[in-house]
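Worksheet for the structure shown next.
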Amino acid sequence: MKRLLRVLGGILGVLVVAWLGVCAYFAVTHPRVSFTAEELARPAAPLPKGFLWGTATAAHQIEGGNTNDWTRFEAQPGAIERGETSAVSADHWNRMAEDVALMKTIRANAYRFSIEWSRLEPQEGAWNEEAWARYGDLVRQLREAGITPAVTLLHFTLPLWMADRGGVAAPDFPDRFARFAAEAGRRLGPGVDLWVTLNEPNVQMYMGYVLGAWPPQRKSPPEAVRAFAGLLRGHAAAAAALRAADPGARVGVANNVMLLEPRSRLMLGDWLGSLFLDQFWNWAFADAIRDGRARIRLPGATLDERIDGLVGSVDFFGLNYYFRYFVRLAPGTPEMFVMEPGPGLRSELGGTSPVGDSPPEALFLLMREAWKRYRLPIAITEGGIADDQGTMRGPLIRGQVEAIQRARAEGVAVEGYFHWTLVDNFEWEKGFRPRFGLHRLDRQTLARTPAGGADVFEALAPPR
Ligand code: FCB
(Lines give C-alpha, C1' and ligand atoms only; values in the text may rest on other atoms or scores of the structure.)
Protein backbone atom coordinates (compact mmCIF):
# COMPACT_ATOMS: atom_id res chain seq x y z
CA MET A 1 0.00 0.00 0.00
CA LYS A 2 2.77 2.36 1.05
CA ARG A 3 4.67 1.50 -2.09
CA LEU A 4 1.64 2.24 -4.22
CA LEU A 5 1.23 5.63 -2.52
CA ARG A 6 4.91 6.39 -3.13
CA VAL A 7 4.57 5.48 -6.81
CA LEU A 8 1.41 7.58 -7.15
CA GLY A 9 3.10 10.45 -5.35
CA GLY A 10 6.04 10.16 -7.71
CA ILE A 11 3.81 10.22 -10.77
CA LEU A 12 1.94 13.23 -9.41
CA GLY A 13 5.24 15.00 -8.74
CA VAL A 14 6.44 14.34 -12.29
CA LEU A 15 3.13 15.62 -13.68
CA VAL A 16 3.28 18.80 -11.60
CA VAL A 17 6.87 19.46 -12.67
CA ALA A 18 5.96 18.79 -16.33
CA TRP A 19 2.91 21.05 -16.03
CA LEU A 20 4.93 23.89 -14.53
CA GLY A 21 7.74 23.28 -17.01
CA VAL A 22 5.41 23.59 -20.00
CA CYS A 23 3.75 26.72 -18.53
CA ALA A 24 7.21 28.20 -17.88
CA TYR A 25 8.24 27.41 -21.46
CA PHE A 26 5.14 29.16 -22.83
CA ALA A 27 5.66 32.09 -20.48
CA VAL A 28 9.26 32.55 -21.65
CA THR A 29 8.36 32.24 -25.33
CA HIS A 30 5.39 34.62 -24.89
CA PRO A 31 6.78 37.37 -22.66
CA ARG A 32 4.63 40.20 -21.39
CA VAL A 33 5.55 43.72 -22.39
CA SER A 34 4.38 46.88 -20.71
CA PHE A 35 4.79 50.49 -21.73
CA THR A 36 5.08 52.86 -18.80
CA ALA A 37 2.83 55.89 -18.37
CA GLU A 38 5.90 58.13 -18.94
CA GLU A 39 6.68 56.40 -22.21
CA LEU A 40 3.14 56.89 -23.40
CA ALA A 41 3.01 60.52 -22.30
CA ARG A 42 6.34 61.67 -23.75
CA PRO A 43 6.30 63.12 -27.27
CA ALA A 44 6.82 60.23 -29.70
CA ALA A 45 9.91 60.34 -31.92
CA PRO A 46 8.80 61.61 -35.33
CA LEU A 47 7.87 58.98 -37.89
CA PRO A 48 10.27 58.92 -40.84
CA LYS A 49 9.59 60.67 -44.12
CA GLY A 50 7.92 58.24 -46.48
CA PHE A 51 6.05 56.42 -43.72
CA LEU A 52 2.47 55.89 -44.93
CA TRP A 53 0.16 57.82 -42.62
CA GLY A 54 -3.48 57.70 -43.46
CA THR A 55 -7.00 56.66 -42.73
CA ALA A 56 -8.92 53.56 -43.84
CA THR A 57 -12.51 53.28 -45.01
CA ALA A 58 -14.73 50.72 -46.75
CA ALA A 59 -17.06 51.52 -49.64
CA HIS A 60 -20.20 50.06 -48.13
CA GLN A 61 -19.65 51.84 -44.84
CA ILE A 62 -19.34 55.38 -46.17
CA GLU A 63 -20.58 55.68 -49.75
CA GLY A 64 -24.32 55.19 -49.47
CA GLY A 65 -26.46 54.02 -52.38
CA ASN A 66 -25.09 50.50 -52.78
CA THR A 67 -27.04 47.37 -53.69
CA ASN A 68 -25.34 44.18 -52.54
CA ASP A 69 -25.68 41.21 -50.18
CA TRP A 70 -25.49 43.56 -47.20
CA THR A 71 -28.29 45.85 -48.33
CA ARG A 72 -30.44 42.74 -48.77
CA PHE A 73 -29.44 41.65 -45.26
CA GLU A 74 -30.18 45.10 -43.86
CA ALA A 75 -33.77 44.84 -45.08
CA GLN A 76 -34.43 41.96 -42.66
CA PRO A 77 -36.21 43.20 -39.53
CA GLY A 78 -33.80 43.19 -36.60
CA ALA A 79 -30.69 42.62 -38.72
CA ILE A 80 -29.18 46.02 -37.91
CA GLU A 81 -29.38 47.72 -34.52
CA ARG A 82 -32.12 50.36 -34.34
CA GLY A 83 -33.23 49.33 -37.86
CA GLU A 84 -30.57 51.54 -39.44
CA THR A 85 -29.39 51.00 -43.02
CA SER A 86 -26.44 51.95 -45.19
CA ALA A 87 -28.69 53.75 -47.70
CA VAL A 88 -27.01 57.13 -47.15
CA SER A 89 -24.09 56.26 -44.85
CA ALA A 90 -21.74 59.27 -44.97
CA ASP A 91 -22.76 60.03 -48.60
CA HIS A 92 -19.12 59.75 -49.57
CA TRP A 93 -20.06 58.77 -53.14
CA ASN A 94 -21.17 62.37 -53.62
CA ARG A 95 -18.61 63.98 -51.34
CA MET A 96 -15.28 62.58 -52.46
CA ALA A 97 -13.65 65.96 -53.01
CA GLU A 98 -14.75 67.16 -49.58
CA ASP A 99 -13.35 64.00 -47.99
CA VAL A 100 -10.01 64.30 -49.77
CA ALA A 101 -9.86 67.86 -48.41
CA LEU A 102 -10.43 66.48 -44.89
CA MET A 103 -7.46 64.15 -45.38
CA LYS A 104 -5.32 67.11 -46.32
CA THR A 105 -6.27 69.06 -43.21
CA ILE A 106 -5.15 66.21 -40.96
CA ARG A 107 -1.90 65.86 -42.97
CA ALA A 108 -2.54 62.33 -44.19
CA ASN A 109 -0.23 61.12 -46.97
CA ALA A 110 -2.04 57.82 -47.68
CA TYR A 111 -5.61 56.55 -47.90
CA ARG A 112 -6.92 52.99 -47.83
CA PHE A 113 -10.37 52.59 -49.37
CA SER A 114 -12.33 49.83 -51.03
CA ILE A 115 -13.91 49.79 -54.46
CA GLU A 116 -17.40 48.35 -54.43
CA TRP A 117 -17.59 45.29 -56.66
CA SER A 118 -21.42 45.41 -56.74
CA ARG A 119 -21.32 48.94 -58.17
CA LEU A 120 -18.63 48.18 -60.71
CA GLU A 121 -20.11 44.90 -61.94
CA PRO A 122 -23.81 45.14 -61.06
CA GLN A 123 -24.64 42.32 -63.47
CA GLU A 124 -22.19 39.58 -64.12
CA GLY A 125 -19.76 40.56 -66.85
CA ALA A 126 -21.21 44.09 -67.32
CA TRP A 127 -18.97 46.92 -66.14
CA ASN A 128 -20.46 50.18 -64.89
CA GLU A 129 -18.34 52.79 -66.70
CA GLU A 130 -19.64 55.71 -64.66
CA ALA A 131 -18.62 54.03 -61.40
CA TRP A 132 -15.15 53.12 -62.69
CA ALA A 133 -14.73 56.73 -63.79
CA ARG A 134 -15.66 58.02 -60.36
CA TYR A 135 -13.08 55.80 -58.61
CA GLY A 136 -10.55 56.79 -61.27
CA ASP A 137 -11.28 60.38 -60.42
CA LEU A 138 -10.81 59.71 -56.70
CA VAL A 139 -7.39 58.18 -57.40
CA ARG A 140 -6.46 61.29 -59.43
CA GLN A 141 -7.63 63.64 -56.69
CA LEU A 142 -5.63 61.72 -54.10
CA ARG A 143 -2.48 61.80 -56.24
CA GLU A 144 -2.86 65.54 -56.76
CA ALA A 145 -3.14 65.98 -53.00
CA GLY A 146 0.05 63.95 -52.47
CA ILE A 147 -1.93 61.08 -50.91
CA THR A 148 -0.93 57.49 -51.78
CA PRO A 149 -3.97 55.34 -52.58
CA ALA A 150 -4.21 51.80 -51.17
CA VAL A 151 -7.15 49.96 -52.70
CA THR A 152 -9.06 47.05 -51.17
CA LEU A 153 -10.89 44.80 -53.63
CA LEU A 154 -13.20 42.99 -51.23
CA HIS A 155 -14.29 44.55 -47.96
CA PHE A 156 -17.02 42.04 -47.03
CA THR A 157 -19.76 43.04 -49.53
CA LEU A 158 -20.59 41.01 -52.65
CA PRO A 159 -22.65 41.72 -55.77
CA LEU A 160 -26.03 40.02 -55.49
CA TRP A 161 -25.29 37.78 -58.48
CA MET A 162 -22.11 36.51 -56.77
CA ALA A 163 -23.91 36.03 -53.45
CA ASP A 164 -26.67 34.09 -55.22
CA ARG A 165 -24.17 31.72 -56.78
CA GLY A 166 -22.83 30.84 -53.32
CA GLY A 167 -20.60 33.82 -52.47
CA VAL A 168 -16.99 33.22 -51.48
CA ALA A 169 -17.68 29.50 -51.01
CA ALA A 170 -18.84 29.11 -54.65
CA PRO A 171 -16.50 27.10 -56.89
CA ASP A 172 -16.32 29.95 -59.42
CA PHE A 173 -15.69 32.72 -56.87
CA PRO A 174 -11.89 32.77 -57.50
CA ASP A 175 -12.33 33.22 -61.26
CA ARG A 176 -14.99 35.89 -60.94
CA PHE A 177 -12.99 37.74 -58.32
CA ALA A 178 -9.81 37.53 -60.41
CA ARG A 179 -11.64 39.01 -63.40
CA PHE A 180 -12.68 41.95 -61.22
CA ALA A 181 -9.10 42.28 -59.91
CA ALA A 182 -7.70 42.31 -63.45
CA GLU A 183 -10.13 45.05 -64.43
CA ALA A 184 -9.23 47.09 -61.35
CA GLY A 185 -5.51 46.65 -62.00
CA ARG A 186 -5.87 47.64 -65.64
CA ARG A 187 -8.02 50.70 -64.99
CA LEU A 188 -6.65 52.03 -61.70
CA GLY A 189 -3.20 50.41 -61.55
CA PRO A 190 -1.21 53.35 -62.89
CA GLY A 191 -2.33 55.49 -59.93
CA VAL A 192 -2.39 52.82 -57.23
CA ASP A 193 0.70 51.43 -55.50
CA LEU A 194 -0.81 49.23 -52.83
CA TRP A 195 -3.54 46.65 -53.21
CA VAL A 196 -5.37 44.72 -50.53
CA THR A 197 -7.15 41.75 -52.09
CA LEU A 198 -9.24 40.83 -49.05
CA ASN A 199 -10.26 42.54 -45.85
CA GLU A 200 -10.26 40.27 -42.81
CA PRO A 201 -11.01 36.90 -44.43
CA ASN A 202 -11.16 35.33 -40.95
CA VAL A 203 -13.93 37.74 -39.90
CA GLN A 204 -15.83 37.18 -43.14
CA MET A 205 -15.65 33.41 -42.68
CA TYR A 206 -16.47 33.44 -38.98
CA MET A 207 -19.29 35.99 -38.99
CA GLY A 208 -20.88 34.66 -42.18
CA TYR A 209 -20.44 30.91 -41.86
CA VAL A 210 -19.77 30.01 -38.20
CA LEU A 211 -21.78 32.54 -36.18
CA GLY A 212 -24.20 33.16 -39.05
CA ALA A 213 -24.62 36.76 -37.90
CA TRP A 214 -23.61 38.34 -41.24
CA PRO A 215 -24.42 37.45 -44.84
CA PRO A 216 -24.83 34.71 -45.94
CA GLN A 217 -26.05 33.83 -42.42
CA ARG A 218 -24.87 30.23 -42.42
CA LYS A 219 -23.93 28.25 -39.34
CA SER A 220 -22.11 25.38 -40.93
CA PRO A 221 -18.53 24.31 -40.27
CA PRO A 222 -18.23 22.45 -43.62
CA GLU A 223 -19.34 25.59 -45.47
CA ALA A 224 -17.04 27.73 -43.31
CA VAL A 225 -14.13 25.58 -44.36
CA ARG A 226 -15.18 25.92 -48.03
CA ALA A 227 -15.41 29.69 -47.58
CA PHE A 228 -11.91 29.78 -46.04
CA ALA A 229 -10.49 27.78 -48.98
CA GLY A 230 -12.46 29.94 -51.44
CA LEU A 231 -11.07 33.13 -49.95
CA LEU A 232 -7.53 31.75 -50.20
CA ARG A 233 -8.04 30.70 -53.83
CA GLY A 234 -9.69 34.05 -54.57
CA HIS A 235 -6.75 35.89 -53.04
CA ALA A 236 -4.20 33.87 -55.06
CA ALA A 237 -6.09 34.38 -58.32
CA ALA A 238 -6.66 38.10 -57.67
CA ALA A 239 -3.00 38.69 -56.72
CA ALA A 240 -1.85 37.07 -59.97
CA ALA A 241 -4.38 39.05 -62.00
CA LEU A 242 -3.37 42.34 -60.36
CA ARG A 243 0.31 41.74 -60.97
CA ALA A 244 -0.31 40.83 -64.59
CA ALA A 245 -2.40 43.97 -65.14
CA ASP A 246 -0.26 46.29 -63.02
CA PRO A 247 3.36 45.09 -62.85
CA GLY A 248 4.27 47.58 -60.08
CA ALA A 249 1.44 46.37 -57.81
CA ARG A 250 2.31 45.64 -54.19
CA VAL A 251 -0.23 43.18 -52.87
CA GLY A 252 -1.36 42.20 -49.39
CA VAL A 253 -4.27 41.00 -47.27
CA ALA A 254 -5.67 42.98 -44.32
CA ASN A 255 -5.60 40.42 -41.50
CA ASN A 256 -7.66 40.90 -38.36
CA VAL A 257 -5.38 39.93 -35.47
CA MET A 258 -6.04 40.11 -31.74
CA LEU A 259 -3.71 39.50 -28.84
CA LEU A 260 -4.95 36.32 -27.17
CA GLU A 261 -3.36 35.57 -23.83
CA PRO A 262 -4.05 32.90 -21.20
CA ARG A 263 -6.20 34.19 -18.35
CA SER A 264 -3.79 32.52 -15.93
CA ARG A 265 -0.21 31.93 -16.93
CA LEU A 266 -0.12 29.02 -14.48
CA MET A 267 -3.01 27.12 -16.06
CA LEU A 268 -1.97 24.76 -18.82
CA GLY A 269 -5.54 24.66 -20.17
CA ASP A 270 -5.60 28.46 -20.52
CA TRP A 271 -2.31 28.34 -22.43
CA LEU A 272 -3.49 25.59 -24.76
CA GLY A 273 -6.79 27.42 -25.38
CA SER A 274 -5.10 30.72 -26.15
CA LEU A 275 -2.44 29.15 -28.38
CA PHE A 276 -5.03 27.17 -30.33
CA LEU A 277 -7.21 30.24 -30.85
CA ASP A 278 -4.20 32.37 -31.73
CA GLN A 279 -3.26 29.97 -34.52
CA PHE A 280 -6.84 29.57 -35.75
CA TRP A 281 -7.82 33.22 -35.67
CA ASN A 282 -4.64 35.19 -36.23
CA TRP A 283 -2.30 33.20 -38.41
CA ALA A 284 -4.08 30.36 -40.25
CA PHE A 285 -4.78 32.45 -43.35
CA ALA A 286 -1.36 34.06 -43.58
CA ASP A 287 0.42 30.79 -42.78
CA ALA A 288 -1.47 29.21 -45.67
CA ILE A 289 -0.14 31.95 -47.97
CA ARG A 290 3.40 31.40 -46.65
CA ASP A 291 3.25 27.60 -46.92
CA GLY A 292 0.98 27.13 -49.94
CA ARG A 293 -1.11 24.88 -47.79
CA ALA A 294 -4.42 25.68 -46.07
CA ARG A 295 -4.99 24.15 -42.67
CA ILE A 296 -7.82 24.84 -40.26
CA ARG A 297 -9.87 22.79 -37.88
CA LEU A 298 -13.43 23.53 -36.78
CA PRO A 299 -15.66 21.22 -34.76
CA GLY A 300 -17.01 18.90 -37.46
CA ALA A 301 -14.84 20.08 -40.35
CA THR A 302 -11.17 20.22 -41.19
CA LEU A 303 -9.23 21.56 -44.10
CA ASP A 304 -5.74 20.45 -45.08
CA GLU A 305 -5.07 21.17 -48.70
CA ARG A 306 -2.38 22.52 -51.03
CA ILE A 307 -3.50 25.60 -52.96
CA ASP A 308 -1.60 26.81 -56.02
CA GLY A 309 -0.51 30.40 -56.38
CA LEU A 310 -0.38 31.26 -52.68
CA VAL A 311 3.37 31.18 -52.09
CA GLY A 312 4.86 34.59 -52.88
CA SER A 313 1.42 36.15 -53.49
CA VAL A 314 1.87 38.92 -50.91
CA ASP A 315 4.40 41.75 -50.69
CA PHE A 316 3.38 42.99 -47.25
CA PHE A 317 1.44 41.86 -44.19
CA GLY A 318 -1.63 44.00 -43.55
CA LEU A 319 -2.51 44.07 -39.86
CA ASN A 320 -5.89 45.24 -38.53
CA TYR A 321 -5.77 45.55 -34.76
CA TYR A 322 -8.56 46.28 -32.30
CA PHE A 323 -8.74 43.71 -29.54
CA ARG A 324 -6.89 41.87 -26.87
CA TYR A 325 -8.53 39.05 -24.92
CA PHE A 326 -7.76 36.70 -22.10
CA VAL A 327 -8.67 33.09 -22.85
CA ARG A 328 -9.84 30.72 -20.12
CA LEU A 329 -10.42 27.02 -20.58
CA ALA A 330 -14.04 26.34 -19.61
CA PRO A 331 -14.95 22.65 -19.94
CA GLY A 332 -18.67 22.25 -20.31
CA THR A 333 -19.17 25.36 -22.46
CA PRO A 334 -19.89 24.73 -26.18
CA GLU A 335 -16.55 26.18 -27.32
CA MET A 336 -14.56 24.78 -24.36
CA PHE A 337 -13.16 28.22 -23.56
CA VAL A 338 -14.30 31.76 -22.81
CA MET A 339 -12.74 35.04 -23.91
CA GLU A 340 -12.65 38.03 -21.58
CA PRO A 341 -11.51 41.57 -22.33
CA GLY A 342 -8.44 42.79 -20.49
CA PRO A 343 -7.75 46.21 -18.96
CA GLY A 344 -7.02 49.24 -21.12
CA LEU A 345 -8.90 51.70 -23.27
CA ARG A 346 -12.37 50.25 -23.57
CA SER A 347 -13.90 50.48 -27.04
CA GLU A 348 -17.61 51.16 -27.23
CA LEU A 349 -18.06 48.66 -30.05
CA GLY A 350 -20.15 46.46 -27.76
CA GLY A 351 -23.49 45.22 -28.99
CA THR A 352 -23.49 41.68 -30.28
CA SER A 353 -19.74 41.22 -30.19
CA PRO A 354 -17.67 41.32 -27.03
CA VAL A 355 -16.28 44.64 -25.84
CA GLY A 356 -12.59 44.93 -26.55
CA ASP A 357 -9.70 47.10 -25.63
CA SER A 358 -6.61 48.21 -27.42
CA PRO A 359 -3.43 48.57 -25.38
CA PRO A 360 -0.46 49.50 -27.58
CA GLU A 361 1.68 46.72 -26.08
CA ALA A 362 -0.63 44.25 -27.77
CA LEU A 363 -0.11 45.87 -31.15
CA PHE A 364 3.64 45.77 -30.57
CA LEU A 365 3.59 42.05 -29.73
CA LEU A 366 1.43 41.26 -32.77
CA MET A 367 3.74 43.16 -35.13
CA ARG A 368 6.72 41.34 -33.66
CA GLU A 369 5.01 37.97 -34.14
CA ALA A 370 3.96 38.76 -37.72
CA TRP A 371 7.54 39.79 -38.52
CA LYS A 372 8.94 36.62 -36.95
CA ARG A 373 6.58 34.46 -39.01
CA TYR A 374 6.69 36.15 -42.40
CA ARG A 375 9.61 38.60 -42.59
CA LEU A 376 7.39 40.84 -44.70
CA PRO A 377 7.01 44.60 -44.38
CA ILE A 378 4.00 45.39 -42.21
CA ALA A 379 1.29 47.97 -42.83
CA ILE A 380 -1.16 48.58 -40.01
CA THR A 381 -4.13 48.51 -42.38
CA GLU A 382 -6.55 49.40 -39.55
CA GLY A 383 -6.44 50.53 -35.95
CA GLY A 384 -8.97 52.66 -34.13
CA ILE A 385 -11.55 52.92 -31.40
CA ALA A 386 -15.29 53.49 -31.07
CA ASP A 387 -15.24 56.65 -28.97
CA ASP A 388 -18.34 58.82 -28.89
CA GLN A 389 -16.85 61.38 -26.50
CA GLY A 390 -13.59 61.61 -28.44
CA THR A 391 -11.44 61.28 -25.32
CA MET A 392 -9.76 57.92 -26.02
CA ARG A 393 -8.82 58.29 -29.69
CA GLY A 394 -5.89 60.67 -29.15
CA PRO A 395 -4.22 58.49 -26.47
CA LEU A 396 -4.87 55.42 -28.64
CA ILE A 397 -3.11 56.95 -31.65
CA ARG A 398 -0.20 58.09 -29.48
CA GLY A 399 0.13 54.59 -28.02
CA GLN A 400 -0.04 52.94 -31.43
CA VAL A 401 2.72 55.20 -32.71
CA GLU A 402 4.80 54.30 -29.66
CA ALA A 403 4.24 50.61 -30.51
CA ILE A 404 5.29 51.23 -34.12
CA GLN A 405 8.43 53.09 -33.03
CA ARG A 406 9.40 50.28 -30.65
CA ALA A 407 8.86 47.64 -33.30
CA ARG A 408 10.89 49.64 -35.82
CA ALA A 409 13.67 50.05 -33.28
CA GLU A 410 13.79 46.24 -33.03
CA GLY A 411 14.14 45.94 -36.79
CA VAL A 412 10.51 45.16 -37.65
CA ALA A 413 9.78 46.78 -41.03
CA VAL A 414 6.58 48.71 -40.25
CA GLU A 415 5.87 50.95 -43.21
CA GLY A 416 2.45 52.43 -42.67
CA TYR A 417 -0.49 53.12 -40.40
CA PHE A 418 -4.09 53.62 -41.54
CA HIS A 419 -6.37 54.84 -38.80
CA TRP A 420 -9.92 53.51 -38.83
CA THR A 421 -11.56 55.81 -39.84
CA LEU A 422 -11.81 59.12 -41.67
CA VAL A 423 -15.42 59.90 -40.78
CA ASP A 424 -18.10 58.16 -38.67
CA ASN A 425 -19.80 55.51 -40.76
CA PHE A 426 -22.17 52.58 -40.98
CA GLU A 427 -20.60 50.07 -38.63
CA TRP A 428 -22.10 46.86 -40.04
CA GLU A 429 -24.77 45.26 -37.84
CA LYS A 430 -24.19 47.91 -35.17
CA GLY A 431 -25.41 50.70 -37.39
CA PHE A 432 -24.23 54.24 -36.73
CA ARG A 433 -23.85 54.19 -32.97
CA PRO A 434 -20.15 53.29 -32.74
CA ARG A 435 -18.26 56.41 -33.74
CA PHE A 436 -14.81 55.57 -35.06
CA GLY A 437 -14.27 58.75 -37.09
CA LEU A 438 -11.49 61.29 -36.87
CA HIS A 439 -14.38 63.42 -38.11
CA ARG A 440 -17.78 63.43 -36.53
CA LEU A 441 -20.68 62.92 -38.88
CA ASP A 442 -23.92 64.83 -38.40
CA ARG A 443 -26.36 62.31 -39.83
CA GLN A 444 -28.97 64.93 -40.64
CA THR A 445 -26.81 67.49 -42.46
CA LEU A 446 -23.97 65.05 -43.31
CA ALA A 447 -21.54 67.76 -42.18
CA ARG A 448 -18.13 66.57 -41.00
CA THR A 449 -16.36 68.22 -38.05
CA PRO A 450 -13.05 67.21 -36.44
CA ALA A 451 -13.50 64.69 -33.61
CA GLY A 452 -11.31 64.12 -30.55
CA GLY A 453 -7.96 62.71 -31.67
CA ALA A 454 -7.86 64.43 -35.09
CA ASP A 455 -5.39 66.94 -33.61
CA VAL A 456 -3.13 64.12 -32.38
CA PHE A 457 -3.27 62.39 -35.77
CA GLU A 458 -2.27 65.64 -37.45
CA ALA A 459 0.51 66.38 -34.98
CA LEU A 460 2.09 62.93 -35.41
CA ALA A 461 2.08 62.98 -39.22
CA PRO A 462 5.52 62.28 -40.69
CA PRO A 463 7.31 65.09 -42.52
CA ARG A 464 6.35 65.54 -46.15
C1 FCB B 1 -12.89 46.02 -38.80
C2 FCB B 1 -13.50 46.13 -40.18
C3 FCB B 1 -13.97 47.51 -40.54
C4 FCB B 1 -14.62 48.19 -39.36
C5 FCB B 1 -13.75 48.11 -38.14
C6 FCB B 1 -14.29 48.83 -36.93
O7 FCB B 1 -12.92 44.72 -38.35
O8 FCB B 1 -12.56 45.74 -41.16
O9 FCB B 1 -14.81 47.43 -41.64
O10 FCB B 1 -15.86 47.62 -39.14
O11 FCB B 1 -13.54 46.77 -37.82
Side-chain angles (χ1 to χ4, degrees), residues 54-64 66 68-70 73-74 79-81 84 86 89-90 92 111-117 150-158 168 196-208 210-211 213-215 231 252-259 281-282 285 317-325 341 345-358 362-363 366 379-388 392-393 396-397 400 417-439 441 451 453:
T55 60
T57 64
H60 185 71
Q61 295 181 266
I62 55 165
E63 286 179 355
N66 283 312
N68 54 34
D69 58 342
W70 264 84
F73 172 63
E74 288 161 35
I80 310 296
E81 291 179 21
E84 290 168 349
S86 64
S89 297
H92 171 73
Y111 177 48
R112 172 177 172 231
F113 64 100
S114 72
I115 55 174
E116 177 65 24
W117 187 4
V151 173
T152 309
L153 293 177
L154 187 69
H155 199 122
F156 300 149
T157 50
L158 290 171
V168 299
V196 174
T197 52
L198 303 172
N199 182 67
E200 300 186 346
N202 54 351
V203 172
Q204 185 150 6
M205 184 263 292
Y206 188 75
M207 295 299 281
V210 178
L211 270 194
W214 284 7
L231 286 162
V253 169
N255 299 278
N256 179 296
V257 294
M258 333 193 247
L259 190 70
W281 185 262
N282 290 332
F285 201 85
F317 182 86
L319 193 163
N320 289 5
Y321 170 65
Y322 294 95
F323 297 118
R324 165 219 213 176
Y325 287 104
L345 292 170
R346 189 63 45 96
S347 160
E348 291 161 0
L349 195 52
T352 48
S353 73
V355 176
D357 66 305
S358 315
L363 176 60
L366 290 165
I380 312 298
T381 30
E382 286 180 33
I385 190 162
D387 176 21
D388 189 21
M392 296 183 281
R393 193 170 293 107
L396 175 104
I397 295 172
Q400 296 197 326
Y417 174 83
F418 295 85
H419 188 78
W420 186 271
T421 185
L422 178 65
V423 55
D424 295 335
N425 62 22
F426 176 77
E427 190 44 53
W428 307 111
E429 84 284 10
K430 297 184 185 62
F432 291 93
R433 193 178 56 86
R435 288 183 181 268
F436 277 90
L438 285 170
H439 296 90
L441 177 74

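Remember, predicted model here, so these are calculated numbers, not experimental data. Just so you know, ligand 1 is whichever comes first in the structure, and atom 1 is the first atom listed for that ligand.
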### Heavy-atom nearest neighbour of atom 1 (C) of ligand 1 within options Glu382, His60, Met207
Glu382
### Message
Do the side chains of Arg433 and Glu84 get close enough for a salt bridge, i.e. N-O under 4.0 angstrom?
### Response
no
### Query
Just by distance, do the side chain of Asn202 and the backbone of Asn256 share a donor-acceptor pair under 3.5 Å?
yes
### Query
What are the two closest non-hydrogen atoms of Glu81 and Lys430, and how far apart are they?
OE2-CG, 3.8 Å
### Query
Could an N or O of ligand 1 be found under 3.5 Å from any N or O of Glu427, whether backbone or side chain?
yes
#### Entry: Per-atom contacts, ligand 1 versus Phe436 - under 4.0 Å to a heavy atom
6 (C)
### Under-4.0 Å heavy-atom contact with ligand 1, by part of Asn199 that carries it
side chain
### Query
What orientation do Trp428 and Trp214 show, parallel under 30°, tilted 30 to 60°, or perpendicular over 60°?
tilted
